[in-house]
Participant: 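Could you have a look at this structure, given as structure tokens, before my questions?
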Amino acid sequence: MLVKALLIFVVLVLLTLFNIWFERRVVARMQHRIGPNVNGPFGLLQSLADGVKLALKEDIIPKAADKVVFLLAPVLATIPAFVTFAVIPFGPEVGLPFTDRTTPLQLTDMPVAVLFVMAIASIGIYGIVLGGWSSGSTYSLLGGLRSSAQMISYEVAMGLALVAVFLYAGSMSTSEIVAAQNPDPQYWLGVIPIPTWYALILLPSFVIYVIAMVGETNRAPFDLPEAEGELVGGFHTEYSSLKFALFFLAEYINMATVSALATTLFLGGWHAPWPIIQLWEGADSGYWPLLWFFGKMLIFIFMFIWLRGSLPRLRYDQFMAFGWKRLIPISLLWIIAVASVRVLTLDGGLDRDYLMGAAGVLLVLFLVLFFVGGRGTEDEEAQAPVDREPVDAFAGGFPVPPMPTGGAVRGAAAPLTFADRRTTVPGTSSTSVADGTATPGSVSQEEKS
């Protein structure tokens, strides 16, 4: 157990260094640049050099910071990222080199392993909140609150997306879910394989999970807690040296964690893909499954990098509304549909006609709420500025107009009433300007002289 725990730690650290290099190289290629290519072969040691440089930087603690919490926050963010890999199965039971003993390529398993992953991941939110609060900076506090709200919101959608997996697998154990996705192969017409991976069977759950895991890890285009244009660096603005490195490490390990969980729950885990398993019977034996598992993980990590290099950052209200008003309702409807199908398949206790009728009613209701529900609010917001009293733009001093009486409002801008100002040109006499008798193009006698 100790050896496996140590190996997981070493693999995650090395995987983080590789992911940083991989991200910089891929984004550089997308932007027609070279990327790191000096330190080590292909620049592979660039991440290690950056880590050493970061560790040797001056460690600064702001005077207004709560020192105990300020030091504890990066630890709270990093440790859960490592712990979640304890229940991820990397492969089958294998023999230990130079011994007669065998051991599964998994640190431990439990009947509620997926719930354990969700619970441990939620602890990392405390590190972000406390890091932003303890810094004594308004920017850090706002970044911490924004990040915590974002992570909590998308954890709800992520958890709902996994309910369908539990219903189909009949278990919350990660190893049993992997086994449920890889039963004895069956074929249509004796040739075409019937899909068994949940990424195909439960495609809506898979899509919702992929979107939620990008929001959960604060990665682009959902990296709103670190929007440089508004909150500088977000919750870790005041951190430096090793404490900043821990936050940096936690982000990349969390990226690997959600990728590993997606591989386990939707892509068959450590089992080989369909063409390989058909051509090579020994693909799922020995240490070969490690290759298939990490290969699937790298596909998701590449997707993270691809999104970062291609999509712009969303607006925060759009991002939160998408999570609460789109992903969660869709997840709830999909859970109802999957549960109904499972009951019909396993027990045969429902009439298919009644089931289809209920599904049609739910679909119509969902479409009405999805497309019609928000129009009344938008129309009211569009009409609201017209009904407000006119605002004098110069009452608070030119050129900054005053805020509306009731504070900032949504919708179109309120109409502005400007004072009667005659157009004059430079060079008019003070008398004519005061009298308002100057006309465009008139020039005083003093200026002519």
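Along the sequence shown, residues are numbered consecutively beginning with 1. Just so it is clear, the structure is predicted and the values come from calculations on it, not from any experiment.
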Participant: Output yes when a side-chain donor or acceptor of T78 lies under 3.5 Å from a complementary backbone atom of L246, and no otherwise.
Facilitator: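 A pair under 3.5 Å: yes.
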Participant: Using the test ring-ring contact (aromatic ring centres under 6.0 Å, His included), find all partners of W288 that sit at least two apart in sequence or belong to another chain.
Facilitator: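 Per chain and number, W288 pairs via ring-ring contact (aromatic ring centres under 6.0 Å, His included) with W280.
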Participant: Find the distance between CD (E23) and OG (S47) and round it off to the nearest 0.5 Å.
Facilitator: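 Here the interatomic distance stands at 10.0 Å.
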Participant: Testing the basics here: between S135 and E238, what is the closest heavy-atom pair and its distance to 0.1 Å?
Facilitator: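 So the minimum-distance heavy-atom pair works out to CB-CG, 3.6 Å.
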Participant: Side chains of M172 and P111: closer than 4.5 Å at any heavy-atom pair?
Facilitator: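 Side-chain contact under 4.5 Å: no.
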Participant: Report the relative orientation of the aromatic rings in F302 and F22; use parallel for angles under 30°, tilted for 30 to 60°, perpendicular for over 60°.
Facilitator: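 Tilted: the ring planes of F302 and F22 meet at 30° to 60°.
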Participant: If you take all heavy atoms of L327 and Y154, which pair is closest and at what distance?
Facilitator: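 Answer, listing the atom of L327 first, then Y154: CD1-CE2, 3.6 Å.
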Participant: Looking at Q106 and P89, what are the two nearest heavy atoms and their distance?
Facilitator: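 Scanning both residues completely, I find the closest heavy atoms to be OE1-CB, 3.6 Å.
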Participant: To the nearest 0.5 Å, what is the distance between OG on S148 and OH on Y126?
Facilitator: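 Between S148 OG and Y126 OH, I get 10.5 Å after rounding to 0.5 Å.
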Participant: Whether the side chain of Y209 engages the backbone of V258 through a donor-acceptor N/O pair (distance < 3.5 Å, no angle test) should be reported.
Facilitator: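 At least one qualifying donor-acceptor pair exists.
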Participant: Which heavy atom of V178 sits nearest to which heavy atom of G268, and what is that distance?
Facilitator: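 So the two residues come closest at CG1-O, 3.6 Å.
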Participant: Would L200 and F206 count as a side chain to side chain contact (heavy atoms under 4.5 Å, CB included) if you check the C-alpha gap in whole Å, the side-chain angles of each, and the deciding distance to 0.1 Å?
Facilitator: CA-CA 8 Å; L200 300 175; F206 177 64; over 6 Å; no
Participant: Would R219 count as a cation-pi partner of Y252, with NZ or CZ less than 6.0 Å from the six-membered ring centre and within 45° of the ring normal?
Facilitator: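 Yes, a cation-pi geometry holds between R219 and Y252.
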Participant: With distance as the sole criterion, is a donor-acceptor pair present between the side chains of N218 and E251 under 3.5 Å?
Facilitator: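 There is no such pair between these side chains.
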Participant: With rounding to the nearest 0.5 Å, note down the distance linking OG in S241 to CD1 in I61.
Facilitator: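 Spacing of OG (S241) from CD1 (I61) equals 10.0 Å.
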Participant: Does R313 qualify as a cation-pi partner of F222, given the criterion of NZ or CZ under 6.0 Å from the six-membered ring centre and within 45 degrees of its axis?
Facilitator: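 No; the conditions do not both hold, so R313 does not lie above the ring face of F222.
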Participant: In terms of heavy-atom contacts, does CG of L56 have more than 12 from other residues, nucleotides or ligands at under 6.0 Å?
Facilitator: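 Count over threshold, so yes.
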Participant: Please report the C-alpha distance between S173 and S171 in whole Å, then the side-chain angles of each, then the deciding distance to 0.1 Å, and finally whether the side chain to side chain donor-acceptor pair (under 3.5 Å) criterion is met.
Facilitator: CA-CA 6 Å; S173 168; S171 174; 4.7 Å; no
Participant: From I128 CD1 over to S140 OG, what is the distance, rounded to the nearest 0.5 angstrom?
Facilitator: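 It is 12.5 Å, given to the nearest 0.5 Å.
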Participant: So, do I125 and V129 sit near enough that their side-chain heavy atoms are less than 4.5 Å apart?
Facilitator: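 Side chain of I125 against side chain of V129, heavy atoms only: contact under 4.5 Å found.
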Participant: If we only count heavy atoms from C-beta on, is the W133 to L145 side-chain gap below 4.5 Å?
Facilitator: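 No; the side chains remain at least 4.5 Å from each other.
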Participant: Could you tell me whether R25 sits above the aromatic face of F42, with NZ or CZ closer than 6.0 angstrom to the six-membered ring centre and within 45 degrees of the axis?
Facilitator: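 Geometry flag: not set, cation outside 6.0 Å or 45°.
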Participant: Quick check: does any side chain N or O of W292 sit under 3.5 Å from a backbone N or O of A283, one acting as donor and the other as acceptor?
Facilitator: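 Such a contact is found between W292 side chain and A283 backbone.
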Participant: Would you say the side chain of T174 lies within less than 4.5 Å of the side chain of M110, judging by non-hydrogen atoms?
Facilitator: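 M110 vs T174: side chains apart.
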Participant: So, the side chain of T108 versus the backbone of A86: is there a donor-acceptor pair under 3.5 Å, distance only?
Facilitator: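 No, because the side chain of T108 does not come within donor-acceptor range (under 3.5 Å) of the backbone of A86.
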Participant: Does any pair with a residue in residues 52-65 pass side-chain hydrogen bond (donor to acceptor under 3.5 Å, both in side chains), and if so which ones, sequence neighbours excluded?
Facilitator: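 Qualifying pairs: D59-K243.
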Participant: Any donor and acceptor pair, going by atom type alone, linking the side chain of E93 with main-chain N or O of P104 inside 3.5 Å?
Facilitator: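 Checking the backbone N and O of P104 against the side chain of E93, no donor-acceptor pair under 3.5 Å is found.
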Participant: Are L14 and F18 side-chain neighbours, meaning at least one heavy-atom pair lies under 4.5 Å?
Facilitator: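 A side-chain contact is absent here, since even the closest heavy-atom pair is not under 4.5 Å.
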Participant: State, to 0.1 Å, how close F70 and P62 come at their nearest heavy-atom pair, and which atoms those are.
Facilitator: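 Answer, listing the atom of F70 first, then P62: CZ-CD, 3.8 Å.
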Participant: Main chain of G143, side chain of S147: is a donor-acceptor contact present, judged purely on distance under 3.5 Å?
Facilitator: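 Checking the backbone N and O of G143 against the side chain of S147, no donor-acceptor pair under 3.5 Å is found.
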Participant: Verify side chain to side chain contact (heavy atoms under 4.5 Å, CB included) between F248 and I20, making sure each step is shown before the conclusion.
Facilitator: CA-CA 10 Å; F248 198 71; I20 296 172; 3.4 Å; yes
Participant: Centres of the Y239 and F247 rings: under 6.0 Å?
Facilitator: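 Aromatic pair counts; centres sit under 6.0 Å.
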Participant: Measure the CE-CD distance between M320 and Q150 for me, rounded to the nearest 0.5 Å.
Facilitator: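 CD of Q150 is found 7.5 Å from CE of M320.
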Participant: Answer yes if the ring centres of F266 and Y198 are under 6.0 angstrom apart, and no otherwise.
Facilitator: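 Between Y198 and F266, which both carry aromatic rings, the centre distance is not below 6.0 Å.
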Participant: Looking only at side-chain N and O atoms, does T196 offer a donor or acceptor that is under 3.5 Å from a partner on N182?
Facilitator: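 No, T196 and N182 have no side-chain donor paired with an acceptor closer than 3.5 Å.
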Participant: Less than 4.5 Å apart, any side-chain heavy atom of L105 and any of Y287?
Facilitator: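 With C-beta onward as the side chain, the pair touches.
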Participant: Looking only at non-hydrogen atoms, find the nearest pair between F304 and S259 and report the distance.
Facilitator: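 For F304 and S259, the tightest heavy-atom pair comes out as CE1-OG, 3.6 Å.
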Participant: Tell me whether S205 contacts the main-chain N or O of L162 through its side chain, where contact means a donor paired with an acceptor under 3.5 Å.
Facilitator: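 Side chain of S205 to backbone of L162, a donor-acceptor pair under 3.5 Å: no, none is there.
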Participant: Identify, with sequence neighbours excluded, every residue that meets salt bridge (Lys or Arg N to Asp or Glu O under 4.0 Å) alongside D50.
Facilitator: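 In terms of salt bridge (Lys or Arg N to Asp or Glu O under 4.0 Å), with neighbours along the sequence ignored, D50 is linked to R24.
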Participant: Any non-hydrogen side-chain atom of W334 less than 4.5 Å from a side-chain atom of V163?
Facilitator: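 The answer is no; the side chains never approach within 4.5 Å.
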Participant: Roughly how far apart are F82 CZ and L249 CG, rounded to 0.5 Å?
Facilitator: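 Answer rounded to 0.5 Å: 4.5 Å.
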Participant: Could you go through L160 and I335, starting from their C-alpha distance and side-chain angles, then the distance that decides it, and tell me whether this counts as side chain to side chain contact (heavy atoms under 4.5 Å, CB included)?
Facilitator: CA-CA 8 Å; L160 291 175; I335 290 172; 3.9 Å; yes
Participant: Under 3.5 Å, side chain of D284 to main-chain N/O of A272, donor-acceptor pair present?
Facilitator: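 Indeed, once roles are kept as given, a pair shorter than 3.5 Å links the two residues.
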Participant: Report the C-alpha distance between L107 and I8 in whole Å, list the side-chain angles of each, state the deciding distance to 0.1 Å, and finish with yes or no for side chain to side chain contact (heavy atoms under 4.5 Å, CB included).
Facilitator: CA-CA 9 Å; L107 185 60; I8 289 176; 4.0 Å; yes
Participant: Contact between V214 and L307 at the side-chain level, heavy atoms closer than 4.5 Å - yes or no?
Facilitator: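 The answer is yes; the side chains approach within 4.5 Å.
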Participant: Between Q181 and T264, is there a donor-acceptor pair closer than 3.5 Å when you use the side chain of the first and the backbone of the second?
Facilitator: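 Flag set: sc Q181 to bb T264 pair under 3.5 Å.
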Participant: So, Q31 side chain and R33 main chain: donor-acceptor pair closer than 3.5 Å or not?
Facilitator: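 No; zero donor-acceptor contacts below 3.5 Å.
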Participant: Under 3.5 Å, is there a donor-acceptor pair between the N254 and T217 side chains?
Facilitator: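 No pair is found: no donor N or O on one side chain lies under 3.5 Å from an acceptor on the other.
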